[in-house]
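All remarks here apply to the structure that follows.
Quick note: residue numbers are just sequence positions, from 1.
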Amino acid sequence: VRAALGRRTRAPRPTARTAAPLPEVVDKGGVHLARAHGLIVHAPREGIREGLLGLLSALEGAGLSRPDRVRTNQELARELPDRGASAPTVREVRDLLDWYDRAFYSLARVEPEEARRFLLAVEALVETLPEART
């Protein structure tokens, strides 16, 4: 009977690794962070993604990162010292990116409180960054 019906193929389930790619241009950091606050209660995984985009936007605005969407988070962290980031900033960014990678790509449930802590840490770090360089 099974052979007569033919083999059904299932579409691959979307995962965090196949989530929508990062946009070519990120919004201003505050836009992403505000969006993140709205998401963390009902969609914490998407909330932390918006928090990451807010962090990336702030790093780009401060001239500490270039808008290159093909680098991994770890590659971005390794480039920070060469772009003028202080040692404490490098450590904090690295810690945030490490947590994000573990939380987002593990596919484990992200609890709203964890997402909130991440978002607050991102906001605290963003406050310490220099204003956008022109």
Side-chain angles (χ1 to χ4, degrees):
V1 175
R2 187 174 225 164
L5 294 175
R7 192 160 218 217
R8 282 189 187 184
T9 58
R10 292 201 288 181
R13 286 183 43 218
T15 66
R17 291 198 185 272
T18 61
L22 291 178
E24 286 296 316
V25 177
V26 294
D27 292 328
K28 296 283 185 198
V31 172
H32 287 291
L33 296 174
R35 203 176 295 144
H37 277 289
L39 288 167
I40 58 176
V41 171
H42 300 291
R45 181 176 301 284
E46 289 306 310
I48 65 171
R49 185 172 189 270
E50 287 294 329
L52 173 72
L53 293 173
L55 175 60
L56 295 177
S57 176
L59 291 170
E60 289 169 13
L64 298 176
S65 177
R66 45 195 171 92
D68 178 359
R69 302 294 173 253
V70 297
R71 289 176 299 137
T72 67
N73 289 338
Q74 298 311 309
E75 290 169 331
L76 180 146
R78 280 193 299 271
E79 291 178 2
L80 288 171
D82 295 337
R83 298 193 59 87
S86 68
T89 297
V90 171
R91 276 192 303 276
E92 185 66 22
V93 169
R94 186 170 286 135
D95 289 347
L96 289 168
L97 294 176
D98 286 347
W99 183 89
Y100 175 85
D101 286 346
R102 281 191 315 275
F104 191 81
Y105 294 116
S106 74
L107 299 181
R109 177 171 161 69
V110 176
E111 296 297 329
E113 192 52 42
E114 290 175 306
R116 185 174 287 106
R117 280 192 300 271
F118 173 76
L119 184 55
L120 292 174
V122 166
E123 289 175 324
L125 175 64
V126 166
E127 288 296 316
T128 69
L129 296 176
E131 292 297 316
R133 296 181 188 167
T134 55

Mind listing the closest non-hydrogen atom pair of Val41 and Pro112 along with its distance?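 Smallest heavy-atom distance, with atoms named: O-CG, 3.8 Å.
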Quick test of your reading: applying ring-ring contact (aromatic ring centres under 6.0 Å, His included), list the pairs with at least one residue in residues 44-68, sequence neighbours left out, ordered by first then second residue.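 Checked against ring-ring contact (aromatic ring centres under 6.0 Å, His included) - neighbours excluded - no pair reaches residues 44-68.
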Strictly by ring-ring contact (aromatic ring centres under 6.0 Å, His included), give each pair with a member in residues 63-99 just once, sequence neighbours left out.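 Listed by first then second residue: Trp99-Phe118.
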About how many Å separate OG1 of Thr72 and CG of Leu97, when rounded to the nearest 0.5 Å?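 Answer rounded to 0.5 Å: 9.0 Å.
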Which residues pass the side chain to side chain contact (heavy atoms under 4.5 Å, CB included) test with [X], sequence neighbours left out?
{"X": "Ala115", "answer": "Ile40, Pro44, Ile48, Val110"}
{"X": "Ala108", "answer": "Ser106"}
{"X": "Arg117", "answer": "Glu113, Glu114"}
{"X": "Glu127", "answer": "none"}

Are any side-chain N or O atoms of Arg45 and backbone N or O atoms of Phe104, one a donor and one an acceptor, separated by less than 3.5 Å?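 Yes.
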Determine, stepwise, if the pair Glu50 / Val31 fulfils side chain to side chain contact (heavy atoms under 4.5 Å, CB included). CA-CA 9 Å; Glu50 287 294 329; Val31 172; over 6 Å; no
Step by step, work out the side chain to side chain contact (heavy atoms under 4.5 Å, CB included) result for Leu76 and Leu59. CA-CA 10 Å; Leu76 180 146; Leu59 291 170; 4.0 Å; yes
Got a sec, which residues hit salt bridge (charged side-chain N to carboxylate O under 4.0 Å, His left out) with Glu79, two or more places apart in sequence or on another chain?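 For Glu79, the residues satisfying salt bridge (charged side-chain N to carboxylate O under 4.0 Å, His left out) (neighbours in sequence not counted) are Arg66, Arg71.
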Filter on salt bridge (Lys or Arg N to Asp or Glu O under 4.0 Å), then keep only pairs touching residues 93-110, sequence neighbours left out; what's left?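 Residue pairs with at least one partner in residues 93-110: Arg109-Glu111.
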Residues two or more places apart in sequence or in another chain: which of them pass side chain to side chain donor-acceptor pair (under 3.5 Å) with Arg78?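 Arg78: no side chain to side chain donor-acceptor pair (under 3.5 Å) contacts found.
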Side-chain atoms of residues 84-92: list all donor-acceptor pairs with protein atoms under 3.5 Å, sequence neighbours left out, distances to 0.1 Å.
{"unit_1": "Ser86", "atom_1": "OG", "unit_2": "Thr89", "atom_2": "N", "d": "3.2"}
{"unit_1": "Ser86", "atom_1": "OG", "unit_2": "Thr89", "atom_2": "OG1", "d": "2.9"}

pair Leu33-Leu55: side-chain heavy atoms closer than 4.5 Å: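 SC-SC contact between Leu33 and Leu55 ruled out.
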same_hphob_cluster(Leu119, Leu39) at 4.5 Å side-chain heavy-atom cutoff: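 Looking at the clustering, Leu39 is in a separate group from Leu119.
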I'd like to know if Leu120 and Leu53 are part of one continuous hydrophobic network [Ile/Leu/Val/Met/Phe/Trp/Tyr, side-chain heavy atoms within less than 4.5 Å].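 Unlinked, Leu53 and Leu120 end up in two clusters.
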